[in-house]
Amino acid sequence: MSLNFGKGCHLHLIDGSAFIFRAYHALPPLTRKSDGLPIGAVAGFCNMLQKYIEEDNGPDAPTHAAVIFDKGSHTFRNDMYDLYKANRDAMPEDLRPQMPLTRRATEAFNIACEELEGYEADDIIATLAVQAREAGGRVTIISSDKDLMQLVGGGIEMLDAMKNRRIDVEGVEEKFGVGPDRVVDVQALAGDSVDNVPGAPGIGIKTAALLINEYGDLESLLDRAEEIKQPKRRQTLIEHRAQIELSKKLVQLDCNTPLEFTLDDLEVRDPEPDVLLPFLTEMEFRTLSKRVADRFGREAPEIQSGPATPNATDAPSTPEQPDFADAHYECVRDMAALETWIGQIRKRGYVAVDTETTGLNEMRVDLVGISLCVEAGHACYIPLIHREGASDDLFAEDKLADGQLPIADVLAALKPVLEDPAILKIGQNMKYDAKIFARNGIDIAPIDDTMLISYALHAGLHGHGMDTLSERYLDHTPIPIKPLLGSGKSARTFDLVPIDEAVPYAAEDADITLRLWQTLKPRLHAAKVTRVYERLERPLVPVLAEMEMHGVKVDRDTLSRMSNAFAQKMAGLEAEIHALAGRSFNVGSPKQLGEILFDEMSLEGGKKGKTGAYATGADVLEDLAAMGHELPARVLDWRGLSKLKSTYTDALQEHINPETGRVHTSYLIAGANTGRLASSDPNLQNIPVRSEDGRRIREAFIADEGKTLISLDYSQIELRILAHIANIDALKQAFRDGQDIHAMTASEMFDVPLDEMTPEIRRQAKAINFGVIYGISGFGLARNLRIPRSEAQGFIDRYFERFPGIKQYMSDTTEFAKEHGFVRTLFGRTIHTPEIAAKGPRAGFAKRAAINAPIQGTAADIIRRAMIRMPDAINDLPCKMLLQVHDELIFEVDHSAADQLIDVARTVMQNAADPVVKLDVPLIVDAGRGANWAEAH
DNA sequence: GACATCACG
DNA sequence: GACGTACGTGATGTCC
């Protein structure tokens with residue numbers, strides 16, 4: 001018996017995505033007890049649906065209802081504007097597998113569930129709402145999305161379920177300053193940072209409403225823009241007309257989406273107990289199952305496996321883990337055994353994975369074996385290419401050890417599992433394993449990483465290597481690898497370790513990883529770092545893996561020529577130095593140099609350090625040179641060349657991969673306490689730039705043929721963050737006005753007008769600005785500026801007088817650190833400061849580190865966000881992101897697309913804080929390009 | 001393996 | 001009143 005939709009009918013349209021995200025963020029990361037499947041969002045979603053159904057609306061009750069979902073991320077709006085919603089964070093990995101389950105939940109509750117490829121949920125809602133209105137019915141849209149407000153009126157209202165508030169025409173006017181019919185006009189002008197709708201720069205909702213009310217509508221406004229009195233506003237509207245018109249198209253909902261159902265199909269139906277209850281049981285929602293069963297007057301279904309109820313608010317506890325002594329480690333030697341393991345993984349939905357390789361260089365080593373673990377104490381090792389050492393016959397080829405599955409068969413069998421979006425792969429330092437798998441044709445995803453979980457939880461407390469974590473959190477010392485591999489002459493690679501020795505070691509690594517995951521993952525929520533882990537750590541893994549694997553092209557000949565030139569110059573200098581010293585000695589030995597300078601030549605200023613050796617650092621030698629001494633001056637020259645040669649021109653050549661002809665660095669994600677990355681093997685974050693000689697090394701970093709290098713760097717990002725965090729109006733205004741911040745500081749401090757600024761005064765102010773970021777001290781500033789300590793202290797006092805907010809920030813931060821033992825960045829990254837309670841000089845260090853960490857860390861968070869969003873943004877361009885140097889990203893791009901890339905990448909970087917943090921200062925990104933890094937920078 | 005030195009942000 | 005000091009990293013060469 002079907003009711004045709006018409007007068008007297010009441011349609012409810014529920015914004016499904018909004019429900020899901022609210023459920024996801026409102027609840028701790030619950031997992032299904034029996035197998036660990038992430039289920040928190042589904043639980044919250046079901047609770048909301050149940051509440052919705054239970055609500056007694058009386059005569060207002062809906063006759064028709066539907067939950068509307070988004071489908072896919074690409075819509076017709078992306079075709080109009082490729083940056084549409086480009087600011088959005090990727091969906092958290094533990095939410096992704098829950099999306100299909102929310103559809104199933106909707107169906108289980110017997111509510112119509114609709115979505116349409118290429119359209120947003122909002123468009124479907126708009127189409128249905130308009131159809132319903134035309135049919136003479138009433139509509140309630142359950143959502144608080146302001147984009148839907150344009151639909152309100154004539155029987156359509158919205159309901160903000162969160163605040164339980166109805167939004168009618170007056171509500172819309174309150175929000176936008178215009179009626180629903182003009183909402184799109186206001187949005188087109190004001191733009192939207194969340195959806196990345198550009199709008200008109202400098203015009204917000206207030207101004208937009210004012211203009212629309214004055215001119216009637218957007219089209220009249222734009223046509224008559226010349227009449228606007230305010231010159232800036234007039235110019236903005238004329239200049240950005242196209243952008244405003246595009247914005248209007250982006251925010252305008254499509255009321256004519258091609259739907260394959262009618263309103264009549266949405267008639268409200270009661271849930272079927274025989275459908276709903278089994279679904280809730282399968283999800284293991286105990287409390288909710290009982291509540292639903294009660295309403296149906298049925299017996300509550302039995303749920304064996306425990307309390308993963310949607311009402312549980314405390315973090316799930318770590319399951320009981322068997323003693324390591326009782327662990328069972330298996331060697332997989334035939335396909336049947338492998339299939340059994342794969343079956344267990346599929347049943348579970350997650351697996352801890354570890355790879356064994358012939359070395360540590362991910363770009364060169366071979367995969368030797370794979371370990372898997374699905375349950376604490378139960379793991380396996382799959383040997384792949386272990387060899388028998390040919391110790392008897394020096395000339396015999398090592399042959400493959402018996403009893404190993406063909407590597408191709410194993411990889412083919414594991415690939416579907418490792419790439420299955422519904423199976424979580426857990427690892428310790430997954431970037432390493434991901435790269436090994438990638439080189440073997442497997443794109444492993446989704447992943448969890450115990451190293452990164454620990455980093456989000458414990459940065460500043462201890463390291464995040466597996467041995468450390470195992471000892472601290474599992475009270476177990478892992479089997480050391482050293483005895484297996486030997487050392488010195490007898491060293492061997494893992495493929496030469498006999499399989500029966502390899503199994504316990506390798507399988508244990510996977511076991512430990514799984515146990516760490518069970519122990520640490522549930523702690524993220526209580527420590528309030530789930531977002532940090534989900535949005536700043538985990539998504540970075542594939543991004544960095546790709547950058548590292550792609551590498552940067554380095555020209556060997558350039559480096560080799562420079563090495564030779566340096567060697568010649570050094571030989572000349574060395575002879576000169578020996579002549580000046582009156583004897584031959586090792587110029588590279590600080591100890592010998594100290595003896596020459598201060599004992600034999602009896603120069604002044606010899607100071608011994610704690611080890612009893614003379615200090616011969618650059619500052620000491622510079623002072624001596626300034627006093628007119630030749631020898632220290634020549635040693636400084638020699639050291640400069642020696643550094644460049646050994647660390648750069650020589651060493652970099654060794655790092656050129658013979659297969660790719662490129663240099664592949666490795667980024668440590670969990671190395672620096674502040675959230676910065678660190679680069680190693682080789683370190684490409686400290687390639688010289690400050691000296692002329694050094695900068696030329698960057699000429700060896702080149703673009704491939706037909707391509708060009710692009711460098712984009714944040715201008716003064718840490719000072720901008722300081723201005724925001726410490727809330728310093730003068731600094732914020734200076735950044736908004738695009739002023740020279742060091743000159744402005746100098747002007748404030750020394751009462752020098754900007755147009756009379758000298759480079760020397762500006763230099764001093766610059767040193768102070770940097771000092772502030774580092775937790776300034778009179779001593780440090782004095783040393784840096786080479787001025788008396790009293791004078792430096794005077795500068796600092798004056799600075800704090802002029803910018804009292806900075807002093808306040810410093811004391812607030814150290815107080816916070818003392819009280820809590822940690823500090824946080826704007827994005828919630830937690831950096832522990834255990835030493836803050838120490839006595840003596842250590843407290844000073846800890847204090848300054850605590851002041852610096854939120855600033856340096858926030859900058860690190862911002863560039864991480866940019867990097868994570870970058871692949872999607874530059875997807876269509878013939879380019880690659882190659883390197884990160886703290887506040888700089890380097891790309892390689894086809895000549896033809898260079899301008900486009902700069903546009904897109906700059907936009908991503910400048911908006912990287914949005915929408916989580918609204919900075920009071922703009923972020924500015926400078927760009928450079930060239931055939932090599934020296935030109936691009 | 002500790003230490004000093006120096007490259008970068 | 002003494003302590004000793006700018007923040008965060010990684011690579012290299014000496015020397016024990």
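Throughout, a chain's letter reflects where its sequence line sits, starting with A, and its residues are numbered from 1.
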Discussion item. Under the rule for side chain to side chain contact (heavy atoms under 4.5 Å, CB included), what residues qualify as partners of A:Leu461, not counting sequence neighbours?
Written reply: A:His458, A:His832, A:Pro834
Worksheet, complete the sentence: Residues at least two apart in sequence or cross-chain that pass ring-ring contact (aromatic ring centres under 6.0 Å, His included) with A:Phe827, listed by chain then number, are none
Discussion item. Counting the atoms with a prime plus P, OP1 and OP2 as sugar-phosphate, which does A:Gly844 contact under 4.0 Å by heavy atoms, base, sugar-phosphate, or nothing?
Written reply: nothing
Practice prompt. Applying ring-ring contact (aromatic ring centres under 6.0 Å, His included), name anything that partners A:Phe845, two or more places apart in sequence or on another chain.
Written response: none
Discussion item. Regarding A:Glu718, tell me which of base, sugar-phosphate or nothing describes its non-hydrogen contacts under 4.0 Å with the strands shown.
Written reply: nothing
Practice prompt. Would you please name every residue forming a side chain to side chain contact (heavy atoms under 4.5 Å, CB included) with A:Ala459, sequence neighbours left out?
Written response: A:Tyr455
Worksheet item: Of all residues at least two apart in sequence or in a different chain, which pass the side chain to side chain contact (heavy atoms under 4.5 Å, CB included) check with A:Pro788?
Response: A:Ser790, A:Glu791
Practice prompt. Could you tell me whether A:Ile773 contacts a base, only the sugar-phosphate backbone, or nothing, with contacts defined as non-hydrogen atoms closer than 4.0 Å?
Written response: nothing
Practice prompt. Using chain A heavy atoms and a threshold of under 4.0 Å, write down where along DNA chain C the contacts begin and end, 5' to 3'.
Written response: C:dG4 to C:dC16
Fill in: Touch class at under 4.0 angstrom, heavy-atom based, for A:Ser777 against every strand present
base
Worksheet item: Considering residues at least two apart in sequence or located in another chain, which fulfil the ring-ring contact (aromatic ring centres under 6.0 Å, His included) criterion with A:Phe750?
Response: A:Phe795
Item to complete: Output the residues of residues 784-808 of chain A in contact with DNA chain C, where contact means a heavy atom of the residue under 4.0 Å from an atom of the strand; sort by number or write none.
Response: A:Asn784, A:Arg789
Worksheet item: Reckon A:Ser642 touches a base, only the sugar-phosphate, or nothing at all at heavy-atom distances under 4.0 Å?
Response: nothing
Discussion item. Among residues 683-694 of chain A, which ones have heavy-atom contacts with DNA chain B below 4.0 Å?
Written reply: A:Gln685, A:Asn686, A:Ile687, A:Pro688, A:Val689, A:Arg690
Worksheet entry | Chi angles and distances behind the side chain to side chain contact (heavy atoms under 4.5 Å, CB included) call for A:Asn657, A:Arg364 | CA-CA 8 Å; A:Asn657 184 304; A:Arg364 310 202 54 178; 3.8 Å; yes
Worksheet entry | Dot-bracket notation for DNA chain C, counting Watson-Crick and G-U pairs under 3.5 Å, with | for partners on another strand | ......|||||||||.
Response to the item:
Outermost contacting nts on DNA chain B, any atom under 4.0 Å from chain A heavy atoms, listed 5' then 3', are B:dC3 to B:dG9
Worksheet, complete the sentence: Residues pairing under side chain to side chain donor-acceptor pair (under 3.5 Å) where one sits in residues 851-860 of chain A, two or more places apart or in two chains, turn out to be A:Thr674-A:Gln856, A:Asn852-A:Gln856
